[in-house]
Number of protein chains: 4
Amino acid sequence: MVEVLVEATTRVLLKDGYEACTTNRVAEVAGVSIGSVYQYFPDKESLVLAVMERHQEQLQAAMVVRLSELANADLATAVHEMLGAMLEAQRLQPRLHRVLLEQVPRIGALRRLHELNGQYAPLVEAWLETHRDQLGITNPSVAAWVLIGAVEGVLARVLMEKPGWLELGLLQEHLTRLVLSYLQPNVRRSKR
Amino acid sequence: MVEVLVEATTRVLLKDGYEACTTNRVAEVAGVSIGSVYQYFPDKESLVLAVMERHQEQLQAAMVVRLSELANADLATAVHEMLGAMLEAQRLQPRLHRVLLEQVPRIGALRRLHELNGQYAPLVEAWLETHRDQLGITNPSVAAWVLIGAVEGVLARVLMEKPGWLELGLLQEHLTRLVLSYLQPNVRRSKR
Amino acid sequence: MVEVLVEATTRVLLKDGYEACTTNRVAEVAGVSIGSVYQYFPDKESLVLAVMERHQEQLQAAMVVRLSELANADLATAVHEMLGAMLEAQRLQPRLHRVLLEQVPRIGALRRLHELNGQYAPLVEAWLETHRDQLGITNPSVAAWVLIGAVEGVLARVLMEKPGWLELGLLQEHLTRLVLSYLQPNVRRSKR
Amino acid sequence: MVEVLVEATTRVLLKDGYEACTTNRVAEVAGVSIGSVYQYFPDKESLVLAVMERHQEQLQAAMVVRLSELANADLATAVHEMLGAMLEAQRLQPRLHRVLLEQVPRIGALRRLHELNGQYAPLVEAWLETHRDQLGITNPSVAAWVLIGAVEGVLARVLMEKPGWLELGLLQEHLTRLVLSYLQPNVRRSKR
DNA sequence: CATGAATGAGACTTCATTCAT
DNA sequence: TATGAATGAAGTCTCATTCAT
């Protein structure tokens, strides 16, 4: 039932946008009574939150698969592949991602979205720590934080303004360069 | 009157957030009749839009002052100062900026906010074009686009998660590094 | 509930007129929440429309009873009785009928009222067709149309200006004469 | 000024209908300040009333011209011409007439419209009185009243449902027959 | 007289939520 | 547990009218 409701909410969000995503509409699309919605979700916001979380889980799952192979790739390859994985993940449900990003009122909900993105921070930080010797950074914690913000910012822009670019390799190159040269500013690198 | 209304909207936005920012409340805080609100603004959204635009103008004005002195600074200094100006601009009304970023329903309004930020694109692009010989970039247009996204992303994160960092020099260093090394990946740079 | 709402609307219409017939007032008089009004009627107009339709049904039902006995009366009697039935029907709720006629904004609603009256046209036409041999008319379709207009016009005038006359036989005689002599202009008739 | 305002109201009524006929819109179309409207008319209703009255005057004026020649025509001709004059009068501003009839809320305003039509009553009555010897009627007062109602009813129907018929002679024949045979039920008449 | 900015009561309508069945 | 009719607070917006200039 929870699944049915989250599914229905996603569908409504996609088809009609956040404004038109009323609890009654969700119940209708789910083929369930409105009462049942409140049996499983305390309020409207939690419905949307659940959609976000499920979406985020899917993104992560998609990335994990892609990244598991990178165990001992070199730095440049690792970054390149990781960003590729992120871009690919965006392609899973770009329209949903965009609606979530654009239309959902942030208080509460978007906050949560950022928290979800924040989950990456420790992972990235740990990774930076591990490769510290190859990197020109002094504060892995801040570096991770800055990188996540920067990549998130570019991804958000793509989604909102140039969704078509998700299909191109273009962005992956640029992001790789952004990240790599930030991490190794003094290193002369061969062009990828 | 327009001024009074925009002012009142800003105040309500700051004090009560977007959800509680109703037209009646704005009128009340402005000390005018609700009718007067609709004499000058066609609907609620346009009120918030006006706040955004005024805010953006203030940001830009603040930056222009700060940047006018950079006419013939060297590349590294120019980037450093430009980012310093942006960070300082954020300090003007960080809470307003945050509310705008976090709570305003995006379709329509946030779209406009991005458009406003998009104004920078041609400027940045032109600047990159001008300094092309010193830069290791091949496509100034995409580079400008990526940089704006990245910086925007980091700034948004600061505002939402670490507003205190706006006061520190920390961020400026990191952003400078992010931008500079992206622009000149192969150049050995002295530590700033 | 639908019944309760139509009933309440009728009451408000009668007591306060169309202008004062607001959805909130109807809900209040019906003793229900305003939300319930919109659960069953899409908007204000449809409420009034429902009143009209119910009223019209009542008129027709009243007439049907009265007319069922006329199956094989002679022409003059048939016309006389039919008009009597119409006049009597008006007496059912003359004040409601008047409010509907006088105050309801016509576009949409009054249009519908005329449509409802237009239902008579085919019946009258068929009847004229049936008795064609006794009548001096060449175009039953136009004749029906003219007669309905004429009778409607007189009835409207009675309602608005001389509601008292509904109680007298006076009008029935005059209308009968109007209709009969129109249908049989060349026939010498004994005074009814 | 009064003239300008009545003119503007007429224009708005025709172009946008009664609902959209707001006082501010009238002022705008008249090229005058809203304040000036209230200098000459106490409220919105009186504006519409003035339009009605001017329209009615025009109808009457048109009819007077047409009827002045009938001084000593025979009965049948007189009726025929009079109805022709009425039909022709409707052609003056059929759309305005229709808006007035259909859309204007009657309380107050439509009442007045009927009063204006009621002006005919004494005239018709007097005329019936004059020709009493040729007519088979006993109560000229009621007869006049009924005839006006009947003709009004047919005219209203034409306007609303078959405005095209105003151009045909068809209606004039039928109305003439309606009126004449009502007035002279026992008289064998040659077909007009 | 003319102006038109300002007024504000109040209309219609939505939608998250409850609760008796 | 599921239902869904009922709720009603609250929101946006309109427009006839006023009154100081």
Side-chain angles (χ1 to χ4, degrees), chain A residues 1-2 4-5 9 12 16 18-28 30-48, chain B residues 1-2 4-5 18-28 30-48, chain C residues 1-2 4-5 18-28 30-48, chain D residues 1-2 4-5 12 18-28 30-48:
Chain A
M1 171 70 70
V2 166
V4 168
L5 289 170
T9 308
V12 174
D16 308 307
Y18 180 80
E19 287 285 90
C21 180
T22 67
T23 50
N24 283 292
R25 180 113 182 73
V26 167
E28 183 195 356
V32 175
S33 148
I34 176 65
S36 298
V37 174
Y38 282 87
Q39 203 98 49
Y40 295 95
F41 293 89
D43 54 25
K44 183 188 168 175
E45 196 173 312
S46 63
L47 260 180
V48 176
Chain B
M1 171 69 64
V2 166
V4 168
L5 288 170
Y18 180 80
E19 287 286 90
C21 181
T22 70
T23 50
N24 282 304
R25 180 113 183 75
V26 167
E28 184 193 354
V32 267
S33 148
I34 176 67
S36 296
V37 174
Y38 284 89
Q39 190 119 47
Y40 296 95
F41 294 90
D43 53 25
K44 183 190 166 172
E45 193 173 314
S46 65
L47 261 181
V48 177
Chain C
M1 172 67 67
V2 166
V4 168
L5 288 170
Y18 180 80
E19 289 285 271
C21 181
T22 69
T23 50
N24 283 301
R25 181 114 181 74
V26 167
E28 183 194 354
V32 266
S33 148
I34 177 66
S36 297
V37 174
Y38 283 89
Q39 190 119 46
Y40 296 96
F41 294 90
D43 54 25
K44 184 190 166 174
E45 194 174 312
S46 65
L47 261 180
V48 177
Chain D
M1 171 71 69
V2 166
V4 167
L5 289 170
V12 174
Y18 180 79
E19 288 285 90
C21 182
T22 67
T23 50
N24 283 293
R25 179 113 181 74
V26 166
E28 183 195 354
V32 176
S33 148
I34 177 65
S36 298
V37 174
Y38 283 87
Q39 203 98 50
Y40 295 95
F41 293 89
D43 54 25
K44 183 189 170 177
E45 195 173 312
S46 63
L47 259 181
V48 176

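A, B, ... follow the sequence lines: proteins, then strands. Residue 1 opens every chain.
- Residue contacts shown for B:Val37 are absent, as no nucleic acid heavy atom lies under 4.0 Å away.
- Residue D:Thr23 places at least one side-chain N or O closer than 4.0 Å to OP1 or OP2 of F:dA16.
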Criterion side-chain contact (heavy atoms from CB on, under 4.5 Å) on C:Arg25 and C:Thr22, from CA distance to verdict: CA-CA 5 Å; C:Arg25 181 114 181 74; C:Thr22 69; 3.3 Å; yes
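- If you measure from atom CD of C:Glu19 to atom P of F:dA16, you get 11 Å, rounded to the nearest angstrom.
- One interatomic measurement links the two molecules: CD1 of A:Ile34 to P of F:dT3, which rounds to 11 Å at whole-angstrom precision.
- Contact footprint of chain C on DNA chain E: nucleotides with an atom under 4.0 Å from a non-hydrogen protein atom, first to last in 5' to 3' order, E:dA11 to E:dT14.
- When rounded to the nearest whole Å, the span between CD of B:Gln39 and P of F:dC15 equals 14 Å.
- Rounded to an integer number of Å, the gap from NZ of B:Lys44 to P of F:dT12 is 5 Å.
- Residues meeting the side chain to side chain donor-acceptor pair (under 3.5 Å) test with A:Asn24, sequence neighbours left out: none.
- Residues B:Val32 and C:Ala20 both approach DNA chain E. Their nearest nucleotides, taken by heavy-atom distance, put B:Val32 toward the 5′ side.
- Across all non-hydrogen atoms, the minimal contact from A:Cys21 to A:Val26 is SG-CG2, 3.9 Å.
- Scanning for side chain to side chain donor-acceptor pair (under 3.5 Å) contacts around C:Ser46 gives C:Asp43, with sequence neighbours left out.
- Rounded to an integer number of Å, the gap from C:Met1 CE to F:dG4 P is 16 Å.
- Taking atom CD of A:Glu28 as the reference point, atom C1' of F:dG4 lies 13 Å away to the nearest angstrom.
- A 4.5 Å side-chain heavy-atom check between C:Thr23 and C:Phe41 finds every atom pair outside the cut-off.
- Between the P atom of F:dG11 and the CD atom of B:Glu45 lies a distance of 17 Å, rounded to the nearest Å.
- Judged as a side-chain contact (heavy atoms from CB on, under 4.5 Å), and not counting sequence neighbours, the contacts of B:Ala27 are B:Ile34, B:Val37.
- Using a 4.0 Å heavy-atom distance criterion, D:Thr22 is classed as a sugar-phosphate-only contact.
- Every stem involving DNA chain E, taken as at least 3 paired positions in a row under the Watson-Crick or G-U wobble test at 3.5 Å, is listed here: E:2-21 with F:2-21.
- Among residues two or more places apart in sequence or in another chain, the side-chain contact (heavy atoms from CB on, under 4.5 Å) test is passed with B:Ser33 by B:Ser36.
- Nucleic acid contact for B:Asn24: base, since at least one base atom lies under 4.0 Å from a heavy atom of the residue.
- Only the C1' atoms considered, F:dT21 is 13 Å distant from E:dC1, to the nearest whole Å.
- Of all non-hydrogen atoms in C:Leu5 and C:Ala30, the two that sit nearest each other are CD2-CB, 4.0 Å.
- B:Tyr18 is listed as a side-chain neighbour of B:Val48, based on a closest heavy-atom distance under 4.5 Å.
- With distances taken from any side-chain atom of A:Tyr40 to the nucleotides F:dT7, F:dG11, F:dT1, the minimum falls on F:dT1.
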